[in-house]
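Just so you know, ligand 1 is whichever comes first in the structure, and atom 1 is the first atom listed for that ligand. All of these numbers come straight from a predicted model, not from anything done at the bench.
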Amino acid sequence: MMFFKGNVFHTPSYGELVYLEDALIEVDSQGIIQEVYVSADEMYAIKLQEAKVCDSFIELKEGQYFLPGFVDLHVHAPQWPQAGIALDEPLNQWLDECTFPLEAKYEDVAFAEYVYDNLVENLLARGTTTALYFATVHLQASLTLASICATKGQRGLVGKVVMDHPEMNPTFYRDESTKAALADTEEFIIAVKELAKEVPQGVYPVVTPRFVPSCTDEGLRGLGELTHKYQVHVQSHCSEGQWEHDHVKERFGKTDTEVLRDFGLLTEKSIMAHCNFIDEKDGAIFAETGTAVAHCPISNAYFANGVIPIKRLKNQGVEIGLGTDISGGFSPSLWDNIKQAVMSSRMLEDGVDVTMQQESRGVSDSRISVVEAFSLATQGGGEALNLPIGVIKKGYVCDLQVLDMNAVGASLSGFGVFTTPKEQLQKLLYLATPTNIKQVWVQGKLVHEKA
Ligand code: GUN
Ligand code: FE
């Protein structure tokens with residue numbers, strides 16, 4: 001057994017903030033939370049005695065807090081070198097001119113190792129304990145990413161990207177053929193499942209059609225079959241921007257959502273990035289199939305051509321989590337995306353064009369709170385992936401970040417004026433930087449400690 005003692009913030013359900021003062025978290029040798037005790041509990045004093053003599057007892061100081069590790073539902077690992085660069089063009093031009101030439105370099109496994117090693121460390125240092133990754137079309141480099149997650153202690157869900165459409169992808173960067181794309185995907189699934197046997201925190205293969213435009217009908221059908229054969233997660237992009245939305249409608253006479261569903265790609269374990277243009281009918285399909293939205297608010301400010309109505313989709317029963325979308329989103333931090341999710345929702349509600357009448361400028365009842373955005377980054381991500389993560393309670397995996405409001409050079413003081421737990425959390429969510437992240441734990445194992 002191991003024990004963690006300190007103040008806890010988490011949201012057991014969407015937007016429901018729970019603060020536990022000086023909680024005692026009991027964790028078994030598999031890294032699963034056995035129980036969370038608070039001082040009013042009968043067993044608290046007895047367990048505290050047990051904790052003080054056990055091998056591993058982590059006790060927080062004044063101004064420090066346990067938060068659940070973050071779940072990043074959408075990362076393009078190969079685009080990490082490009083973060084912050086080339087954000088001035090529309091999506092399809094950005095893909096062709098900047099992104100595909102970069103992703104093509106991962107044919108070189110040494111380059112992949114060089115970048116992926118650095119990326120996983122950077123994500124862990126920002127509290128991201130679980131990440132859902134797009135790798136590239138290359139089988140070997142995609143396996144390298146899975147191994148690096150495994151070694152560094154991050155829970156990684158990784159997809160070998162499929163781009164098999166001969167006319168929609170450049171010759172220098174695509175699958176050799178549909179047959180090769182499907183065979184490589186199957187080999188990838190089998191290899192990652194084998195690797196997973198030795199990885200306590202889990203590493204998972206993910207079926208990954210890049211997006212409908214980059215795949216043939218036959219490719220999409222084959223990926224749907226692999227999904228069901230191996231019962232694995234699925235990820236793609238769905239109705240991200242106007243171009244994608246219109247292109248798919250023109251090709252199939254159906255929405256992106258309907259196409260993905262009809263190829264068998266929407267399941268309980270499917271996560272679709274962006275989804276800015278999904279209408280109420282599409283939203284109902286998401287809710288019905290258990291498909292989740294990976295909301296990527298920073299990226300959306302550049303490439304989406306609109307703001308996703310998170311509140312409407314939530315009310316429709318759609319599962320939603322947060323994604324950085326590196327490098328469509330410049331930031332590797334879900335802390336940054338929490339803030340942007342709030343700000344974008346406020347702009348949707350108020351509207352942006354001041355030459356219009358105030359009453360018709362925005363979409364009423366669209367805002368989300370910062371606590372709701374915190375839920376998206378934690379509990380929402382766990383729900384999306386169908387994994388027991390993102391909440392600090394019995395039966396969940398012990399993935400924690402330790403936040404320190406008194407970090408040297410990054411004090412987040414409320415100056416004695418703002419001292420309630422909720423105010424402390426708000427200060428953290430808006431102002432914390434990696435300097436305030438003292439430790440990160442995955443499955444009960446320390447994976448990052450600030451120097
Ligand atoms: N759609 C297809 N590929 C991509 C990508 O790499 N990034 C984003 N944001 N959208 C995409
Ligand atoms: Fe993306």
Item to check | Mutual orientation of the aromatic rings belonging to Y65 and Y19 [parallel < 30°, tilted 30-60°, perpendicular > 60°] | outcome: tilted
Item to check | Cationic tip of K193 above Y230 ring, under 6.0 Å, 45° of axis | outcome: no
Checklist outcome for this item: Excluding water, the protein N, O or S atoms sitting under 2.8 Å from the Fe ion (ligand 2) are H74 NE2, H76 NE2, H237 NE2, D325 OD1
Next on the checklist: Quick one, K311 with E349, criterion salt bridge (charged side-chain N to carboxylate O under 4.0 Å, His left out). Give me CA distance, side-chain angles, the key distance, then yes/no.
Outcome noted: CA-CA 10 Å; K311 186 159 184 188; E349 180 167 303; over 6 Å; no
Checklist entry - Between Q340 and D336, is any side-chain donor less than 3.5 angstrom from a side-chain acceptor? => result no
Checklist entry - When you look for protein heavy atoms under 4.0 Å from ligand 1, which residues do they belong to? => result H76, Q79, L91, W94, L95, R210, F211, H237, E240, H274, D325
Item to check | salt bridge (charged side-chain N to carboxylate O under 4.0 Å, His left out) assessment of E258 paired with K281 | outcome: CA-CA 9 Å; E258 291 165 331; K281 220 168 119 233; 3.1 Å; yes
Checklist entry - Angle class for the H74/H237 ring planes (parallel below 30°, perpendicular above 60°, tilted otherwise)? => result perpendicular
Next on the checklist: Less than 4.5 Å apart, side chain to side chain, heavy atoms only: is that true for F263 and L223?
Outcome noted: no
Item to check | Parallel, tilted or perpendicular, as decided by the 30° and 60° cut-offs, for the rings of H138 and Y173 | outcome: tilted
Checklist entry - Between R367 and D350, is there a side-chain N and carboxylate O pair less than 4.0 Å apart? => result no
